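This report concerns only the one structure given below.
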Amino acid sequence: MDGLLANLTERQREAVCCTEGPLLVVAGPGSGKTRVITTRVAYLISGGTAPSNILCLTFTNKAADEMRERVEASAGTRGAWLSTFHSMCSRLLRMDLDLEGYSRNFTIYDRSDQLSCLRNVLKSLNIDQGEAGLTRLPGRISAIKNGSANPVSGDEKNRDFSRIFAAYEKALQAANALDFDDLLVVFLKMLKSRPEILEKYRDRFRYVLVDEYQDTNRLQYEIVMQISEKHRNICVTGDPDQSIYSWRGADIRNILDFRKSFPEARVVLLEQNFRSTAGILKAAGNLIARNRKREEKSLIPVLGEGLAPRVVSAFDPEDEALRIAEAVSSLSSGGAPLSETAVFYRTNAQSRAIEQALLDRGIPYVIVGSVEFFQRREIKDLSAYLKIAVNPKDDVSFLRICNVPARGMGDKALDMVKGAADSSGASMFEAAVRIASDQNAPPRIRKALGELSGAVASLADFRGGVGGAVGRLVEALRYAEYLGKAFAEDAEDRVANVTELISACHEWDEKHPGGTLADFLEEVSLLSDVDKWDRKDAVSLMTLHSSKGLEFDTVVIAGMEEGLLPHFGIDGASDSDRIEEERRLCFVGMTRAKRNLIVTWAKNRRTARGDIDFGEPSRFLRESGLAPLLAEVSESRMTPYPSPGRAGPGTEEGDEDLEFRDSLAGEAEDEPFKTGDYVKHLSLGPGRVVATKGFGCSAKVVVNFPRLGLKTFAVGLAPLIRVNPDE
DNA sequence: CAATGGGGTATTTTT
DNA sequence: TACCCCATTG
């Protein structure tokens with residue numbers, strides 16, 4: 001047991017060893033929080049607690065998996081329950097759910113299933129999509145379900161919304177489907193309506209741990225309270241300064257008020273930072289100190305001063321991307337592993353330019369999130385077949401695949417199915433199966449529905465596990481053939497995706513002997529973006545939100561501009577609560593960096609619609625003390641390299657804005673490149689100009705390199721110089 | 001019944 | 001600007 005506690009600080013040891021009663025661990029970034037949690041679990045086990053009496057809730061499946069590994073390694077046993085709230089609720093519901101028409105083979109609807117469902121609902125209510133604000137509905141519905149908004153009624157618009165909400169709920173129940181929030185809502189309902197089940201879990205979970213407690217919402221709070229009420233051995237860890245999910249219903253009061261909920265709670269503060277060098281922590285600390293709604297807490301560096309954070313100014317997003325790629329490439333050639341390098345941004349849309357620049361340089365990268373594998377059309381189509389096989393009431397999935405591949409199911413046929421379903425109280429798929437064997441039904445429709453139900457039925461043959469079943473489904477549907485016909489352009493990619501799906505299924509089968517289709521779907525639908533990410537030998541690109549809990553040697557934060565970070569949302573509002581959350585988000589990003597922090601901003605950034613320029617460097621640069629490093633970007637001309645900034649006076653209130661403007665200007669202009677010029681590129685070596693395009697700011701040159709072939713560069717941005725032919 | 005084109009509209013973060 | 005939906009046409 002002493003071995004477990006070796007190498008822990010006094011405070012960390014306290015957090016590990018106070019196992020009885022409520023405990024709040026306020027843990028700053030890099031303070032060894034994960035280590036504390038896993039050691040605590042191992043410590044409990046080594047003290048004689050049965051692993052099955054321990055419940056540890058984390059924010060992502062990835063975190064849960066990593067913690068499980070570490071616990072098993074140090075405790076030498078398995079069986080402690082480590083999972084996310086959503087996975088836990090889902091798994092427990094599959095054991096006991098029997099409530100208001102829901103049954104245990106329920107389907108989990110993700111965001112896009114939810115949208116499809118809402119589309120159907122609007123159609124049946126005869127409400128226009130635009131009118132109803134379709135894309136904003138899931139958020140509003142979620143806010144009500146997770147307890148961060150009140151169900152409103154009253155004016156006309158809200159009356160519509162109430163109708164939509166009610167119809168949506170009804171549709172979900174009819175489809176035996178739960179959305180993400182329902183997993184928690186229905187679980188809580190089950191606990192409240194079935195005391196014997198509640199009692200079972202209260203008995204079972206003698207020790208409850210909750211990580212990232214600052215990002216729990218009202219529902220999660222209630223679940224925790226319900227489950228831990230009996231033994232009151234509840235340990236929550238978190239950091240109010242890293243609360244970044246209020247828009248998803250996270251209630252920062254859960255952590256701020258922990259002491260009110262549990263007056264007897266012990267509090268341990270972990271402030272030492274073992275991750276980042278002092279220069280980085282200084283910037284991050286300056287920044288977060290600006291938040292008013294905050295409990296005083298410091299970042300105490302353990303490592304040395306290290307490199308100062310760097311600010312890079314760019315002309316536009318392409319320029320910014322280019323400079324990021326340059327920085328990454330020079331670090332990499334200096335021996336830094338790409339797997340220890342990450343680029344963070346506020347919005348997913350920003351990844352495009354960065355991807356392109358990395359692609360141009362041949363720098364490998366992986367993106368967390370964006371258009372994820374399971375969101376691709378062909379994958380969603382095949383998944384819909386699996387979902388129907390598990391839960392025949394799933395109308396959303398039925399509508400998705402009833403005519404994929406095309407089998408002549410038009411509006412007329414669909415109306416017939418819908419009519420039959422409505423009049424018999426069955427789901428659409430159930431009705432379809434009936435019509436398929438109905439002698440009186442039109443032959444064409446019978447044939448189509450026969451094919452459909454046959455394909456679904458083929459999944460019941462489970463030889464070769466999920467992989468075998470999906471393989472046979474693809475065969476039965478002649479799906480590859482369909483893709484070839486329907487998608488002339490990118491059919492090959494799509495077929496490759498299908499192949500990849502099948503091999504992923506086989507892989508899953510190997511890891512889960514005896515696993516069922518339902519198990520597979522369950523796991524797949526609860527996977528988050530980060531869960532699917534693997535640290536490869538490549539630069540990682542992700543949103544600031546996704547970066548929570550990770551760390552890298554080098555971190556680049558792109559788009560440090562007013563409006564983007566802090567982001568002024570769709571309504572442009574920028575009240576202080578929102579700004580404070582944006583500040584925390586930036587703080588989270590900065591504190592992921594171990595040794596090297598680079599922040600970049602672009603002078604010109606077009607919005608999707610008009611062409612409004614943001615153009616102001618983020619206030620966060622000033623607040624973190626990095627403003628003096630800003631180099632002004634000239635309007636007419638981009639500088640080849642960011643110039644070192646002049647050291648400015650401190651950041652007193654006043655005319656800081658002027659401060660930005662009169663920083664260094666661009667360098668002197670070069671002669672334009674001409675076709676035939678011999679040039680040398682900083683990292684790519686010598687080459688020859690074969691073409692030029694545009695002029696002024698948008699001038700580009702195409703350079704032919706002996707080994708690499710043609711590359712296009714923006715003049716003045718690329719580290720490109722003219723050389724003599726004989727050099 | 002499918003494909004194509006035009007027009008209109010939405011723009012943050014995600015378990 | 002880019003995507004998505006719908007209507008029209010083949």
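Proteins get letters first, then strands, A, B, ... in listed order; numbering begins at 1 in each. Since the model is a prediction, treat every value here as computed from it, not as a measurement.
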Over all strands shown, is [X] touching base, sugar-phosphate only, or nothing at heavy-atom distances under 4.0 angstrom?
{"X": "A:Phe85", "value": "nothing"}
{"X": "A:Thr135", "value": "sugar-phosphate"}
{"X": "A:Asn403", "value": "sugar-phosphate"}

Write down the distance between [atom1] ([X]) and [atom2] ([N]), rounded to a whole number of angstrom.
{"X": "A:Leu178", "N": "B:dT15", "atom1": "CG", "atom2": "P", "value": "18 Å"}
{"X": "A:Arg605", "N": "C:dT1", "atom1": "CZ", "atom2": "P", "value": "16 Å"}
{"X": "A:Leu184", "N": "B:dT14", "atom1": "CG", "atom2": "P", "value": "18 Å"}
{"X": "A:Phe344", "N": "B:dT12", "atom1": "CZ", "atom2": "C1'", "value": "17 Å"}
{"X": "A:Phe568", "N": "B:dT13", "atom1": "CZ", "atom2": "P", "value": "17 Å"}
{"X": "A:Asp179", "N": "B:dT14", "atom1": "CG", "atom2": "C1'", "value": "13 Å"}
{"X": "A:Arg136", "N": "B:dT12", "atom1": "CZ", "atom2": "P", "value": "10 Å"}
{"X": "A:Arg352", "N": "B:dT12", "atom1": "CZ", "atom2": "P", "value": "14 Å"}

N/O (side chain, [X]) to phosphate O (OP1/OP2, [N]) under 4.0 Å:
{"X": "A:Thr543", "N": "B:dT12", "answer": "no"}
{"X": "A:Arg119", "N": "C:dC5", "answer": "yes"}
{"X": "A:Asn348", "N": "B:dT13", "answer": "yes"}

Comparing nearest nucleotides in DNA chain B, the 5'-proximal residue of the pair A:Glu582, A:Phe180 is A:Glu582
Donor-acceptor pair present, A:Arg248 side chain and B:dT13 base, under 3.5 Å: no
Could you work out the separation of C:dC5 and B:dT12 based on their C1' atoms and round it to a whole Å? 23 Å
C1'-based separation of C:dC4 from B:dT13 [nearest Å]: 22 Å
Flag yes if more than 12 heavy atoms outside A:Arg104 fall under 6.0 Å of its CZ atom; otherwise flag no. yes
In short, A:Pro566 meets A:Ser618 closest at the heavy-atom pair CD-OG, 3.5 Å
If only side-chain N and O atoms count, and only distance matters, is there a donor-acceptor pair under 3.5 Å linking A:Ser90 with A:Glu522? yes
Could you pull out all residues at least two apart from A:Phe587 that satisfy ring-ring contact (aromatic ring centres under 6.0 Å, His included)? none
So, do A:Phe59 and A:Asp211 sit near enough that their side-chain heavy atoms are less than 4.5 Å apart? no
Counting heavy atoms from C-beta on, name the nucleotide in B:dT15, B:dC1, B:dT13 closest to the side chain of A:His86. B:dT15
Return the stacking result for B:dT13 and A:Trp247: yes when the ring centres lie under 5.5 Å apart and the planes under 30°, no otherwise. yes
